[in-house]
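We count ligands from 1, going down the list as the structure has it; atoms in each ligand are counted the same way. The analysis underlying the following values was restricted to heavy atoms, covering all of them including side chains, and did not include hydrogens, waters or symmetry mates. Since the structure is predicted, the reported quantities are computational estimates derived from the model, not experimental observations.
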Amino acid sequence: MNPIYHALDFGITCIDTQYMRNDFVAAYLIEDQEHVAFVDTGCYLSVPTLLATLDEKNIQREQVGYIILTHIHLDHAGGAGELIRHLPNAKVYVHEYGVNHLIDPSKLRAGVIGVYGELFFKQFLGDLIPIAKEKIVIAKDKDEITLGNRILKFINTPGHARHHVCIWDEKSQGIFSGDTLGVSYREFDTEQGVLIFPPTTPVQFDPDVWKNTIQQLMTLQPKYAYLTHFNRIEFTKKSADMLIHNINNFVEIAIKMQHQPNRHKAIKTALLDYLLEIASKHGVTTEEIKQIKVFKGDLEICAQGLGVWLDKESCAKIPNK
Ligand SMILES: [Zn+2]
């Protein structure tokens with residue numbers, strides 16, 4: 001097992017969990033004075049990569065004290081139950097709404113199998129291992145934990161999901177943002193900088209709450225966002241504005257398509273057109289995008305989440321921007 005990882009500064013490593021493909025889902029390792037934390041884990045199948053990264057960096061498994069989960073979507077947290085079996089001193093930190101799903105993952109499993117089928121579950125997610133209650137700690141808003149010589153602070157960040165937390169790392173002036181500060185693939189970096197769009201995943205996407213969360217996070221004046229999808233980016237006001245702009249436009253697309261006979265397909269097609277347009281304006285060529293094929297899976301999930309959101313809104317209108 002050859003792990004793929006990107007060594008960043010401030011003792012932070014971005015591990016490529018190799019979920020679905022490379023450069024898609026990250027887990028982070030934070031090291032400080034021999035103390036170690038994971039932020040997110042990828043899925044069950046990612047765990048050998050995480051452990052191989054520890055081995056390659058000569059980190060003893062006993063040194064890992066924390067497995068912090070930004071939220072319990074399975075590309076972020078599906079590996080936590082398997083990982084903690086190998087880390088005798090680790091506790092799992094998660095938003096209180098996520099706790100029961102970690103103790104008993106049967107609902108999560110049934111949800112995924114219901115939507116994507118058993119084959120997908122086995123092939124891409126592998127398994128879900130329950131976590132003993134005493135190994136779980138609730139990550140409360142504004143709570144701080146100490147890792148060696150640094151403080152990590154939890155911040156409640158609803159919008160992408162109600163049970164989402166971000167982690168503020170004062171030492172690097174960075175936010176471990178899970179999905180809250182968007183998705184941004186390195187393949188789309190151009191002279192204009194990064195391209196960011198919102199993963200409007202089912203079933204708790206809430207645009208107004210999310211935009212408010214982003215504004216709150218910006219009051220920290222972060223230098224960096226450690227994105228799960230994918231890797232660290234500099235996170236500026238321009239980045240936040242782009243993300244909010246794209247949340248607005250995703251919602252607008254969903255509302256425009258809400259009465260189409262095949263609503264899901266219509267939303268997905270319109271999202272693809274929109275992303276191709278903004279990528280092209282950003283200086284990414286259409287050919288590059290087609291070759292990378294990164295949008296395909298994202299758009300399926302984004303369209304599903306927008307559909308769920310539309311169903312919750314009694315009469316969705318295009319909101320003020
Ligand atoms: Zn998510």
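For R61 and D55, the salt-bridge test passes: some basic side-chain N is under 4.0 Å from an acidic carboxylate O. Salt-bridge formation is not detected for the pair K140/E96: no Lys NZ or Arg NE/NH1/NH2 atom is positioned less than 4.0 Å from an Asp or Glu carboxylate oxygen.
In this structure, the separation between NE2 on H164 and CD on Q204 is 11.0 Å, given to the nearest 0.5 Å. Remark: T180 OG1 to H160 NE2 distance equals 7.0 Å, nearest 0.5 Å.
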Could you give me the CA-CA distance, side-chain angles and deciding distance for Y28 and F38, then say whether ring pair (Phe, Tyr, Trp, His ring centres under 6.0 Å) is met? CA-CA 6 Å; Y28 289 93; F38 277 102; over 10 Å; no
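Of all protein N/O/S atoms, those under 2.8 Å from the Zn ion (ligand 1) are H71 NE2, H73 ND1, H160 NE2, D179 OD2, and waters are not counted.
Outside the 6.0 Å centre-distance limit, the rings of Y185 and F230 are not counted as a close aromatic pair.
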